[in-house]
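First the structure, in the form of structure tokens, and then the observations on it.
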Amino acid sequence: MVDRVIGVLKLDSNTFEEIEADTTATSQAAIIVLIVAIISGVGAGVLGDNFIGAMLSTVISTFVGWVVWSAVTWFVGTNLFEGKADLNEMLRVIGFAYSPQILSFIPCVGILTFFWTLAAGFVAVRQGLDLDNTKAFLTVAIGFVVVLAISFAIGLIFGITAFGIGAITGG
């Protein structure tokens, strides 16, 4: 798994092809997303007013984001651009595309990991769906906008809930 993460960090197309073909790599992709969710959740919790609310919101939105980004890219790529993949293949390659965010705990690297993850997502979609660069870019762009909207909605729901709990408990 570590070799695959390194390959993803290098944006190596062959690594993504290997991940796509390995039907046992879905659990590895989920582990990567979990690690990213925990790192991001701790960061959000430390920076937020309500550690538990921020942590839960971030962990849930990261997992939901992974599944939604995978499903949307699979749907868009196969239906609009005639890509060739199944949903499990997209879960694997997109899950591994989250790998750069493992480094987001390093000061001043967070914004870099955002763009690095987008680049990894692009390679993941291109290789996972067997698309050309233009179709892969459009698929990633559409998928990413949908994921951002859903993540924002989850954050808003948890933020309002945390605020309400704080108001009720006097915290």
Side-chain angles (χ1 to χ4, degrees), residues 1-44 57-106 109-154:
M1 186 165 101
V2 173
D3 289 338
R4 287 179 172 170
V5 169
I6 292 169
V8 168
L9 294 176
K10 293 178 179 179
L11 304 177
D12 178 46
S13 298
N14 292 327
T15 300
F16 284 100
E17 290 289 343
E18 177 186 315
I19 294 164
E20 176 192 13
D22 183 357
T23 58
T24 65
T26 307
S27 60
Q28 293 176 357
I31 290 168
I32 289 166
V33 174
L34 176 63
I35 292 167
V36 167
I38 291 169
I39 290 169
S40 300
V42 168
S57 171
T58 302
V59 169
I60 291 170
S61 67
T62 301
F63 269 96
V64 170
W66 170 46
V67 172
V68 170
W69 192 15
S70 299
V72 169
T73 55
W74 169 78
F75 181 82
V76 170
T78 57
N79 289 294
L80 294 181
F81 301 118
E82 299 175 357
K84 307 287 186 249
D86 63 34
L87 183 55
N88 285 324
E89 290 170 339
M90 292 311 299
L91 284 166
R92 288 192 291 274
V93 294
I94 295 291
F96 270 88
Y98 276 69
S99 294
Q101 292 181 42
I102 293 171
L103 304 173
S104 65
F105 69 92
I106 301 170
V109 175
I111 192 71
L112 173 64
T113 63
F114 171 79
F115 292 108
W116 199 351
T117 300
L118 281 178
F122 170 80
V123 177
V125 169
R126 185 185 68 201
Q127 300 309 121
L129 288 164
D130 302 316
L131 297 174
D132 63 36
N133 287 341
T134 302
K135 290 177 180 178
F137 175 80
L138 292 170
T139 302
V140 169
I142 292 166
F144 195 72
V145 168
V146 171
V147 169
L148 282 179
I150 290 173
S151 294
F152 177 78
I154 290 171

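- Annotation for Ile39 and Ile102: closest pair CD1-O, 3.5 Å, computed over non-hydrogen atoms.
- Here Glu89 contributes atom CD and Thr26 contributes atom OG1; the two are 9.0 Å apart, rounded to the nearest 0.5 Å.
- Distance alone, capped at 3.5 Å, is enough to place a donor-acceptor pair between the Trp66 side chain and the Leu91 backbone.
- Smallest separation of non-hydrogen atoms from Val36 and Thr62: CG1-CG2, 4.4 Å.
- Annotation: side chain of Trp116 is in contact with side chain of Leu11 (closest heavy-atom distance under 4.5 Å).
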Fill in: Val33 and Gln101: CA distance, side-chain angles, deciding distance, side chain to side chain contact (heavy atoms under 4.5 Å, CB included) verdict
CA-CA 9 Å; Val33 174; Gln101 292 181 42; over 6 Å; no

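- Separating the CD1 atom in Ile142 from the CH2 atom in Trp69 is a distance of 13.5 Å, to the nearest 0.5 Å.
- More than 12 heavy atoms of other residues, nucleotides or ligands sit less than 6.0 Å from atom CZ of Phe114.
- A heavy-atom distance below 4.5 Å is not found between the side chains of Asn88 and Thr23.
- Put simply, CG on Leu9 and OG on Ser99 are 6.0 Å apart, with the number rounded to the nearest 0.5 Å.
- Side-chain contact check for Phe115 versus Ile111: some heavy-atom pair is nearer than 4.5 Å.
- In this structure, Leu131 and Phe137 have side chains that are not in contact, with every pair of non-hydrogen atoms separated by 4.5 Å or more.
- Scanning both residues, Ala97 and Ala124, for their nearest heavy atoms gives CB-CB, 4.2 Å.
- Atoms CG and CG, on Leu138 and Leu80 in that order, are 9.5 Å from each other to the nearest 0.5 Å.
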Item to complete: Would you sort out whether Asp132 and Phe81 count as a side chain to side chain contact (heavy atoms under 4.5 Å, CB included), showing the intermediate values?
Response: CA-CA 9 Å; Asp132 63 36; Phe81 301 118; over 6 Å; no

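- Checked by atom type, the side-chain pair Arg126/Ser13 shows a donor-acceptor distance below 3.5 Å.
- Dense packing is recorded around CZ of Phe63, with more than 12 heavy atoms of other residues, nucleotides or ligands lying under 6.0 Å away.
- Under the 3.5 Å distance criterion, the side-chain polar atoms of Ser40 are left unmatched by any main-chain donor or acceptor of Ala37.
- By the neighbour-count criterion of 12 heavy atoms within 6.0 Å, atom CD of Glu82 is sparsely surrounded, having that number or fewer from other residues, nucleotides or ligands.
- Between the CD atom of Glu20 and the CZ atom of Phe96 there is a distance of 13.0 Å, given to the nearest 0.5 Å.
- Between Val125 and Ile94, the closest heavy-atom pair is CG2-CD1, 3.8 Å.
- When side chains are defined from C-beta on, Ile6 counts as touching Lys10, because their heavy atoms get closer than 4.5 Å.
- Residues Val93 and Gln127 have side chains not in contact (no heavy-atom distance under 4.5 Å, counting atoms from C-beta outward).
- Distance alone, capped at 3.5 Å, is enough to place a donor-acceptor pair between the Asn79 side chain and the Phe75 backbone.
- Residue Asp22 forms a side-chain hydrogen bond (donor to acceptor under 3.5 Å, both in side chains) with just one option from Gln28, Arg4, Arg92, and that option is Arg4.
- Note: Asp86 CG to Leu129 CG = 10.0 Å, rounded to the nearest 0.5 Å.
- Annotation for Val8 and Pro100: closest pair CG1-CD, 4.5 Å, computed over non-hydrogen atoms.
- Within the 4.5 Å cutoff, no side-chain heavy atoms of Val72 are placed close to those of Met90.
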